[in-house]
Amino acid sequence: MDYQFRTIEKKWQKFWASNQTFKVSNTSNKPKYYVLDMFPYPSGAGLHVGHPLGYIASDIFTRYKRLKGFNVLHPMGYDSFGLPAEQYAIQTGQHPAITTDTNIKRYREQLDNIGFSFDWSREIRTSSPSYYKWTQWIFMQLFNSYYNTDMDKAQSIESLIAKFEQNGSEGVHAVSDEDASNFTAADWNHFDEERKQVELLKYRLAYLRESSVNWCQALGTVLANDEVKDGVSERGGYPVIQKKMMQWSMRITAYAERLLEGLDTVDWPEPLVEMQRNWIGKSIGASVKFEVADRQEPTFVEVFTTRVDTIYGVSFVVLAPEHELVASLVKAEQQQEVDQYIEQTKKKSERDRMADTRSVSGAFTGSYVLHPLTEEKIPVWIADYVLAGYGTGAVMAVPSGDQRDYLFAKHFNLPIIKILDSQQLEEEADSRKEGVYVHSDLINGLTYEAAVPVLIKELEKKKAGKAKINFRMRDAIFGRQRYWGEPVPVYFKNETPYLIKEQELPLLLPEVDKYLPTESGEPPLGRAKDWKYQQMYEYELSTMPGWAGSSWYWYRYMDAENDRVFASKEAVDYWKAVDLYIGGSEHATGHLLYSRFWNKFLKDIGVVKEEEPFKKLINQGMIQGRSNFIYRLLDENGTGTNTFVSYGLLQQYKTTALHVDVNIVHNDVLDLAKFRSSRPEYENADFILEDGRYVCGHEVEKMSKSKFNVVNPDDIIAQYGADTLRMYEMFLGPLEQSKPWNTNGIEGVYKFLRKFWKLFHDPQLNFHVSDERPTKAELKSLHKIIKKVEDDIERFSFNTSVSSFMICVNELTDLNCNKREILQELIVVLSPYAPHICEELWELLGNEAGSLSYVSYPKFNPDFLIENEFEYPISFNGKMRMKLNMSLSLEPDDIEKEVLNNEDVQRYIDGKQPKKVIIVKGKIVNIVV
RNA sequence: GCUGAAGUGGUGGAACUGGUAGACACGCAGGACUUAAAAUCCUGUUCGCCCUAAAGCGAGUGCGGGUUCGAUUCCCGCCUUCAGUACCA
């Protein structure tokens with residue numbers, strides 16, 4: 001029989017499913033191993049060839065680990081809440097649950113076609129009530145907790161109430177809002193219920209606070225930064241402004257230090273760890289208070305600075321235009337200018353404000369603050385380069401040390417004060433800390449190291465500042481003005497939020513007539529009829545963000561069907577943490593940070609054991625699209641014709657480029673017949689060919705429908721089979737690297753599998769293996785691959801394994817090897833990569849069907865690889881010129897003698913005495929002349 | 001802007017710890033088989049120079065420098081592309 005991948009692959013996929021080959025138990029005497037993939041969002045477009053890249057890698061790893069004797073948990077599910085389904089619902093009226101369900105079915109079929117060894121009995125969907133019940137449950141725990149800084153962990157809000165009842169706010173060390181009040185126990189006990197709740201909310205880990213959002217009035221909704229382009233909505237082009245809104249938030253900043261420390265304990269790619277460190281952004285500095293001048297009531301502008309040493313260089317203070325003090329600081333004569341500036345700022349997104357460092361803008365408030373050390377009057381400005389959400393939303397501007405402050409000072413003619421004797425300030429700010437201070441009163445003549453403690457001490461003495469650690473990370477906003485997400489299990493009584501009862505979970509997503517905001521601008525849930533808690537109280541109308549469901553899902557896989565807890569204690573104790581997590585680096589700061597945060601919280605409340613959820617993490621690169629172009633000939637008026645010019649002839653013609661569907665292009669050559677029949681207007685198209693072919697241009701772009709570069713794995717599988725797809729995706733290059741998809745090399749992988757198949761068959765394709773003893777050469781080839789694949793998989797270098805398999809099969813083909821002893825072991829080594837063909841041949845060899853998944857990986861024997869000769873490359877001045885075969889037992893001195901006595905070597909050095917001969921045994925000889 | 005990553009033949013890539021640059025494939029060219037095509041097999045294929053050929057010479061891993069007997073690999077400066085940047089997931 002020839003290699004019939006269609007029959008073989010269907011046969012084994014069916015076998016695995018009906019025998020539950022990959023169902024895994026929560027108890028085993030084997031060691032456990034947990035391999036997790038980042039689960040997909042089931043989009044309407046279906047899987048494209050980029051999605052399975054990581055899944056194939058993790059499946060190879062999983063199958064390999066099974067062969068190595070581990071009990072492996074390898075589950076899959078769907079992150080099925082999200083915007084695209086909602087967008088589609090808005091357009092079509094179709095309920096997102098229905099589209100989501102359809103999409104999931106499609107995804108499942110596509111995943112099944114690839115032959116993954118997932119334990120599907122553990123499948124989860126974040127949008128199913130049985131799952132989001134527990135997402136809501138975790139939210140409730142967060143709402144019911146506060147962060148105790150004495151114990152450095154989250155504790156129940158009840159214990160905080162007990163403290164308030166006994167001692168008031170005194171002695172409470174907790175992470176809270178800035179405006180948490182001070183009160184005595186007596187005060188607390190006299191507070192009414194509402195007041196108590198208001199105070200408690202300032203401590204809860206899930207809490208309400210005002211935050212700034214991109215508000216689009218015309219769409220009646222909040223937009224993500226990337227839905228906003230140049231101040232207008234991407235959809236519709238309506239104006240977008242920055243608006244403040246009450247929002248649910250997560251006090252992730254309470255965990256900043258622990259999130260930072262945990263990074264030292266995980267085995268993650270260093271760049272990713274670095275990104276998280278930068279995101280958390282710990283900086284050590286000082287907070288300084290500037291008192292507003294000429295006020296009866298003392299008012300302060302508080303700033304955070306990492307360069308308190310530059311305090312004598314402050315020549316103005318800048319507030320973010322949204323800063324709460326701005327309104328009261330503006331003097332009448334400046335009112336108009338400031339108002340105008342604030343209007344202008346509202347139109348800019350935060351990202352625009354950060355990205356634009358060239359243009360300088362700002363407005364003077366008319367007010368002054370007093371320098372805390374010199375008592376001098378300092379003007380207060382507002383400018384959009386200061387962001388409200390960063391630090392305190394105010395900076396002390398030091399033009400001599402900070403480039404943005406420098407440009408601002410130059411632009412508005414504000415003084416630039418030199419503070420270090422080494423500073424060169426003619427062209428730009430100089431932020432170095434070298435030399436000694438000048439014009440700096442207390443610290444004149446001191447160096448940076450000496451100056452900082454002096455200043456901190458003085459500021460503390462004057463109660464004008466103190467040393468402080470600041471984090472760049474902000475509390476995460478947890479509400480979304482959307483329909484297709486988890487409802488927040490909260491209702492309001494007199495504007496105070498209360499949790500519903502735990503027995504009332506899940507709080508189901510109600511039906512609505514349209515998936516749009518209400519006329520009064522409330523989120524879609526505002527449309528739900530009679531949706532009230534106990535028929536009286538308003539529910540929270542926003543839903544949870546996309547990251548809620550994905551911040552704990554790896555626990556649900558451990559015990560996916562439990563309806564009493566999110567996962568049983570036994571399951572959590574057994575599987576502990578994820579041993580290997582594979583996914584895209586685009587999740588570096590979002591998903592991976594939130595997941596770590598929730599995990600730490602769950603540990604604090606005692607329901608999980610591990611401080612870090614993902615022990616080892618591998619990033620897979622993005623698969624980009626590789627678009628193909630055709631070139632339409634333009635006539636003398638510049639209008640398009642129906643003639644297309646081949647890529648190589650472009651210089652001779654005036655043309656315009658058009659995307660062409662990559663599925664009708666093969667190795668950059670256009671299939672003319674398919675092109676003609678693709679659209680009626682191309683039926684009579686003419687072509688100017690080169691060498692009789694139409695060659696297309698190409699470019700790397702995002703994979704998207706609009707660029708006609710989407711490749712569906714199903715098409716590849718129909719043509720070449722799943723085993724070829726699996727191996728080809730690995731063959732494309734290193735897993736971590738981003739690369740464009742193209743099928744140019746896929747034939748080679750397909751040919752390889754056919755060659756492998758032929759090893760087991762005679763020329764007439766009858767199954768035929770021999771029981772003869774293998775030769776030395778055959779054993780060497782086998783043991784080389786046993787070792788190579790083991791090494792490669794352990795370091796996640798899957799592409800190099802594929803090449804090595806090719807080399808191995810080429811060698812065995814040349815040796816005419818059909819020995820059972822060799823081939824049987826080779827099957828096991830190859831099976832993680834190409835499981836279907838291997839199962840089939842395994843059965844043909846007479847083994848029990850399906851037993852291949854749980855056999856042992858062959859044992860490597862180094863004896864078969866021992867060489868006694870080596871072909872030494874002989875280089876002259878580092879350039880390889882010739883090779884000499886020598887015994888590996890020769891010591892460097894003997895090698896030198898033998899090399900220098902060689903005729904060809906003598907000819908090279910032309911009778912001259914070599915300056916130096918470098919010999920690395922078993923590696924190289926280098927002669928310096 | 002900030003943070004992170006990547007640039008090697010016509011193409012995807014290999015070279016794992018500073019030691020033979022281009023393994024393995026694709027494509028292309030030539031050949032075998034065939035009435036023909038497909039499939040399959042064989043040979044060649046970094047570029048340039050020289051040459052009937054064998055052989056030889058020179059250059060070469062984004063660009064410019066440096067360290068070293070020796071650099072794709074280490075260091076400094078630049079260029080280009082990609083990703084993230086907090087409501088896409």
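Below, chains carry the letters A, B, ... as their sequence lines are ordered, and counting in each starts from 1.
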* A:D475 and A:T253: side-chain donor and acceptor closer than 3.5 Å? ->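 Distance-only check passes for A:D475 and A:T253.
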
In B/S/- notation (B base, S sugar-phosphate only, - none; protein heavy atoms under 4.0 Å), nucleotides 11-22 of chain B written 5' to 3' is -BSSSB--BBS-

Under 4.0 Å between any heavy atoms, over every strand shown, what does [X] touch: base, sugar-phosphate, or nothing? Just pick one.
| X | answer |
| --- | --- |
| A:G621 | nothing |
| A:N810 | sugar-phosphate |
| A:V222 | base |
| A:P271 | sugar-phosphate |
| A:Q87 | nothing |
| A:H591 | nothing |

Integer angstrom distance from the [atom1] of [N] to that of [M]:
| N | M | atom1 | result |
| --- | --- | --- | --- |
| B:A15 | B:C24 | P | 14 Å |
| B:U11 | B:C63 | C1' | 23 Å |
| B:C41 | B:U34 | C1' | 13 Å |
| B:G10 | B:C28 | C1' | 8 Å |
| B:A21 | B:A71 | P | 10 Å |
| B:U81 | B:C75 | P | 24 Å |
| B:C26 | B:U68 | P | 44 Å |
| B:U61 | B:G66 | P | 15 Å |

task = Take A:W547 and A:F478, measure what ring pair (Phe, Tyr, Trp, His ring centres under 6.0 Å) needs, and give me the verdict at the end.
result = CA-CA 9 Å; A:W547 55 269; A:F478 196 72; 5.1 Å; yes

inquiry  = Centre-to-centre under 6.0 Å for A:F408 and A:Y385, is that the case here?
reply    =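 Between A:Y385 and A:F408, which both carry aromatic rings, the centre distance is below 6.0 Å.
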
- Item | Centroid-centroid distance, A:Y553 to A:F39, less than 6.0 Å |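 When the ring centroids of A:Y553 and A:F39 are compared, they turn out to be within the sub-6.0 Å range.
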
Checklist entry - If you check the A:K758 side chain, which of B:U40, B:G4, B:C87 turns out closest? => result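 Nearest nucleotide to the side chain: B:U40.
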
Exercise for review: Please say whether more than 12 non-hydrogen atoms of neighbouring residues, nucleotides or ligands are located less than 6.0 Å from NZ in A:K921.
Suggested key: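 Counting other residues, nucleotides and ligands, NZ of A:K921 exceeds 12 neighbours.
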
Rounded off to whole Å, could you give me the [atom1]-to-[atom2] distance for the [X] and [N] pair?
| X | N | atom1 | atom2 | answer |
| --- | --- | --- | --- | --- |
| A:N103 | B:A89 | CG | P | 14 Å |
| A:W279 | B:C2 | CH2 | C1' | 12 Å |
| A:M38 | B:A89 | CE | P | 15 Å |
| A:D475 | B:C87 | CG | P | 12 Å |
| A:K784 | B:C24 | NZ | C1' | 12 Å |
| A:Y3 | B:U40 | OH | P | 14 Å |
| A:Q624 | B:C82 | CD | P | 8 Å |
| A:F752 | B:A25 | CZ | C1' | 12 Å |

field: Base orientation of B:G9, syn vs anti, 90° cut from 0
entry: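 Nucleotide B:G9 adopts syn.
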
Less than 4.0 angstrom from a charged side-chain N to a carboxylate O is my criterion; do [X] and [Y] meet it?
| X | Y | result |
| --- | --- | --- |
| A:E270 | A:R277 | yes |
| A:D791 | A:R795 | no |
| A:R353 | A:E322 | yes |

Check: A:T800 side chain, A:S797 main-chain N or O, donor-acceptor pair, under 3.5 Å
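Answer holds: yes.
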
Check: Taking the nucleotide of RNA chain B with the closest heavy atom to each, which residue, A:G590 or A:R472, is nearer the 5' end?
Finding: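 The answer here is A:R472.
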
Handout entry: Intermediate values then yes/no, ring pair (Phe, Tyr, Trp, His ring centres under 6.0 Å), A:Y255 and A:F597
Key = CA-CA 7 Å; A:Y255 285 85; A:F597 158 45; 5.3 Å; yes

Phosphate oxygens OP1/OP2 of B:G58: is one of them under 4.0 Å from a side-chain N or O of A:R881?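 Indeed, a polar side-chain atom of A:R881 lies that close.
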
With a 4.0 Å cutoff (strictly under), does any side-chain N or O of A:K916 reach OP1 or OP2 of B:G70?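 No, outside the criterion.
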
Parsed dot-bracket for RNA chain B after applying the Watson-Crick and G-U rules with both distances under 3.5 Å and | for other-strand partners is (((((((..(((......[....)))((((((.......))))))((((......))))..(((((..]....))))))))))))....

inquiry  = Do A:K282 and A:F471 form a cation-pi contact, if we require the NZ or CZ to be under 6.0 Å from the six-membered ring centre and within 45 degrees of the ring's axis?
reply    =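 Judged by the rule (NZ or CZ under 6.0 Å from the ring centre, within 45° of its axis), A:K282 is not positioned above A:F471.
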
